[in-house]
K.L.:
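Here it is, the structure in full.
As the structure is a prediction and not an experimental result, all values here were calculated from the model.
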Amino acid sequence: MNAELRRAQEFARPIEVGSDVWVGGGAILCPGVKVGSRSVIGAGSVVTRDIPERVFAAGNPCRVIREITE
């Protein structure tokens, strides 16, 4: 609960989100993850690992459900 201690021990990392990505409502992207271009993240998902391009991924923890084909 000590603010000074939290500030000294926080290790935030940036996330990377590719082009044309859709992130559903309430999804959480953990620090340091990468989401590939044209992917879709399902609502309420918790993304703990990198997600490749052109996939639909969902769940807790978030995992690839299927590839997106056109």
K.L.:
Please test V23 against V35 for side chain to side chain contact (heavy atoms under 4.5 Å, CB included), starting from the C-alpha separation and ending with a verdict.
P.N.:
CA-CA 10 Å; V23 179; V35 180; 5.8 Å; no

K.L.:
Should V64 and V33 be counted in the same cluster of Ile, Leu, Val, Met, Phe, Trp and Tyr side chains packed under 4.5 Å apart?
P.N.:
yes

K.L.:
Can you give me the closest heavy-atom contact between G36 and V21, atom names plus distance?
P.N.:
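G36 and V21 have their closest heavy atoms at O-CG2, 3.3 Å.
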
K.L.:
Looking only at heavy atoms, what is the nearest atom pair of F56 and I68, with distance?
P.N.:
N-CG1, 3.8 Å

K.L.:
Rounded to the nearest 0.5 Å, how far apart are OG of S45 and CZ of R63?
P.N.:
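Separation between the atoms: 9.0 Å.
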
K.L.:
Roughly how far apart are T48 OG1 and I28 CD1, rounded to 0.5 Å?
P.N.:
11.0 Å

K.L.:
Please answer whether the main-chain N or O of S19 pairs with a side-chain N or O of S37 as donor and acceptor at a distance below 3.5 Å.
P.N.:
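Checking the backbone N and O of S19 against the side chain of S37, a donor-acceptor pair under 3.5 Å is found.
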
K.L.:
Name the residue from I51, V46, V47 that meets the side chain to side chain contact (heavy atoms under 4.5 Å, CB included) definition with L29.
P.N.:
V47

K.L.:
Tell me, with the steps shown, if V55 and S39 meet side chain to side chain contact (heavy atoms under 4.5 Å, CB included).
P.N.:
CA-CA 5 Å; V55 297; S39 288; 3.7 Å; yes

K.L.:
For R54, give me all partners under salt bridge (charged side-chain N to carboxylate O under 4.0 Å, His left out), at least two apart in sequence or on another chain.
P.N.:
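Per chain and number, R54 pairs via salt bridge (charged side-chain N to carboxylate O under 4.0 Å, His left out) with E70.
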
K.L.:
Rounded to the nearest 0.5 Å, how far does CG of D50 lie from CD1 of I15?
P.N.:
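The distance works out to 11.0 Å.
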
